[in-house]
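Report on one structure; see the data block that follows.
Below, all heavy atoms of this structure are taken into account, side chains as well, without hydrogens, waters or symmetry copies.
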Amino acid sequence: ITIGSFLGFLASFFQIIPSLFEKKYLTFDQNLTSLYLDHFLNIRQTLRLPLGGINTGTPFQFGLSASLITILATIKIIKNTKNNRLLLFLFLTLFALFLTNQSSIWLWQNITLLKYILYPWRFLSLADLSIAFVSVLIIKKIKYKTIFAAIFIVLTIFSSRHYFLRPTQVESNIPTDNLTTQNEYNTIWSNEKTFLTRPLITKTSNVQINNLSSKPFQINFLIHSDYQTGILIRKLYFPGWHIKLDNVEQKIIINDGLISFDVPSGDHKIYIYFEENKLRKTANLLTLLSLVLIILIYIKPNIIKGSTAD
């Protein structure tokens, strides 16, 4: 398990390493790390108590059956504190519910990792998973376990009928210009002008573009200009973009978050491309290495078995 977990973690380095070290180029932290403040649940919503305008059709609830199981488990723990597994899962349930509530705001404010979970109600998933284990540990000790299990299943479905019959969780959201919910993947150089509708290449009238070839990470074209001019490319600037004019590296000018550069008069060949830096290449190599190791670990026992059979 340890080796498998390590190799699985290593296999994800191609995404994790850039996410950690290049996040500073995005507005992720500015837009998301305070999002939790507006998404705490009150206890009446969590327990699905139809009081004070609580929406019983929302998925943001712990539920009646789970609440009853929690009470039974608490009583059982008070009577027998030696049931470690029950104690563990009950603690996880209660702690997860605590993190969904405004009372836990100190933890959210002082533990950076929590802020990247974004929404406190996401801990309902942990509470639901933990209470499932608690349910098994409670019911298996009951004499008529099948009957009690059936009762709790029916009660769970019945108390959640509003969620299925009158769902309110599906709402249409108008997508942002970059198709994210909070513009969290905008670069730090972008602004309100970045996503305006414009051609791939913005130029003055006296500039001629020929033999244009455009791919997601590569643009080639020939350009003729009567005098020095600026060219704007409809590509978000990010470290790794390069511009070559007649095979000579050019300085990139960041204009409204987009790639821009100056072109002298005359005829020129322009080559714009994105190249992964050393950090990304290293992360890709580690991911590739982990995949090779996983394949070798899988193949080796089969080779040994085949040799033994022969």
Side-chain angles (χ1 to χ4, degrees), residues 1-36 39 59-60 88-89 91-93 95-96 99-100 104 107-133 169 173 175-190 215-218 235-242 257 259 273-304:
I1 295 176
T2 303
I3 294 176
S5 299
F6 173 74
L7 289 176
F9 179 64
L10 196 63
S12 64
F13 267 30
F14 77 99
Q15 182 180 32
I16 290 178
I17 296 300
S19 298
L20 291 176
F21 292 96
E22 296 185 343
K23 183 164 61 67
K24 60 185 178 182
Y25 301 126
L26 304 175
T27 59
F28 191 94
D29 285 352
Q30 299 93 308
N31 292 357
L32 293 184
T33 52
S34 62
L35 200 61
Y36 68 92
H39 291 273
F60 303 131
L88 171 63
F89 288 114
F91 170 77
L92 288 175
T93 300
F95 186 65
L99 290 174
T100 68
S104 65
L107 295 177
W108 286 87
Q109 289 173 338
N110 293 278
I111 300 177
T112 303
L113 186 61
L114 278 179
K115 296 178 181 180
Y116 290 106
I117 295 175
L118 305 182
Y119 306 109
W121 46 257
R122 282 181 170 171
F123 278 101
L124 283 175
S125 298
L126 176 59
D128 290 338
L129 177 63
S130 300
I131 201 63
F133 284 97
Q169 71 277 11
N173 294 319
T176 58
D177 292 323
N178 59 8
L179 302 181
T180 59
T181 59
Q182 305 293 330
N183 293 316
E184 63 269 26
Y185 292 120
N186 284 2
T187 64
I188 57 176
W189 302 281
S190 61
K215 297 179 181 179
F217 300 105
Q218 180 179 311
K235 288 284 185 182
L236 276 174
Y237 172 75
F238 199 86
W241 279 105
H242 299 271
I259 297 173
Y273 64 99
F274 184 84
E275 182 179 50
E276 294 194 327
N277 55 25
K278 292 181 180 179
L279 177 70
R280 286 174 173 264
K281 290 179 179 178
T282 302
N284 292 342
L285 183 61
L286 290 172
T287 294
L288 180 61
L289 176 63
S290 69
L291 294 177
V292 172
L293 290 174
I294 291 172
I295 293 173
L296 290 177
I297 291 173
Y298 175 77
I299 292 178
K300 188 175 180 180
N302 294 331
I303 294 176
I304 294 174

For [X] and [Y], which heavy atoms make the closest approach, and how far apart are they?
X      : Y      : value
Asn183 : Asn31  : O-ND2, 3.0 Å
Glu184 : Leu26  : O-CB, 4.0 Å
Ser12  : Thr287 : C-OG1, 4.3 Å
Tyr25  : Trp189 : CD2-CH2, 3.7 Å
Trp241 : Pro216 : CH2-O, 3.8 Å
Ala11  : Ser290 : CA-OG, 3.1 Å

Are [X] and [Y] close enough that some pair of their side-chain heavy atoms sits under 4.5 Å apart?
X      : Y      : result
Leu107 : Leu114 : yes
Asn277 : Glu22  : yes
Tyr116 : Asp29  : yes
Glu275 : Lys281 : yes

Within a radius of less than 6.0 Å around [atom1] of [X], do more than 12 heavy atoms belonging to other residues, nucleotides or ligands occur?
X      : atom1 : value
Tyr185 : OH    : no
Tyr273 : OH    : yes
Phe238 : CZ    : yes
Gln109 : CD    : yes

Is the distance between the ring centroids of Phe13 and Phe9 under 6.0 Å?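 Phe9 vs Phe13: aromatic centres under 6.0 Å.
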What distance separates [X] [atom1] from [Y] [atom2], expressed to the nearest 0.5 Å?
X      : Y      : atom1 : atom2 : result
Arg280 : Leu285 : CZ    : CG    : 15.5 Å
Leu32  : Thr27  : CG    : OG1   : 7.5 Å
Thr282 : Glu276 : OG1   : CD    : 10.5 Å
Leu88  : Phe133 : CG    : CZ    : 10.0 Å
Phe28  : Thr33  : CZ    : OG1   : 8.5 Å
Ile111 : Leu99  : CD1   : CG    : 8.0 Å

Exercise for the section: Could you go through the side-chain contact (heavy atoms from CB on, under 4.5 Å) check for Ile117 and Tyr36 one step at a time? Expected result: CA-CA 8 Å; Ile117 295 175; Tyr36 68 92; over 6 Å; no
Problem set entry | Plane angle bin for His39 and Tyr119 - parallel if under 30°, tilted between 30 and 60°, otherwise perpendicular |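 Rings of Tyr119 and His39: perpendicular, over 60°.
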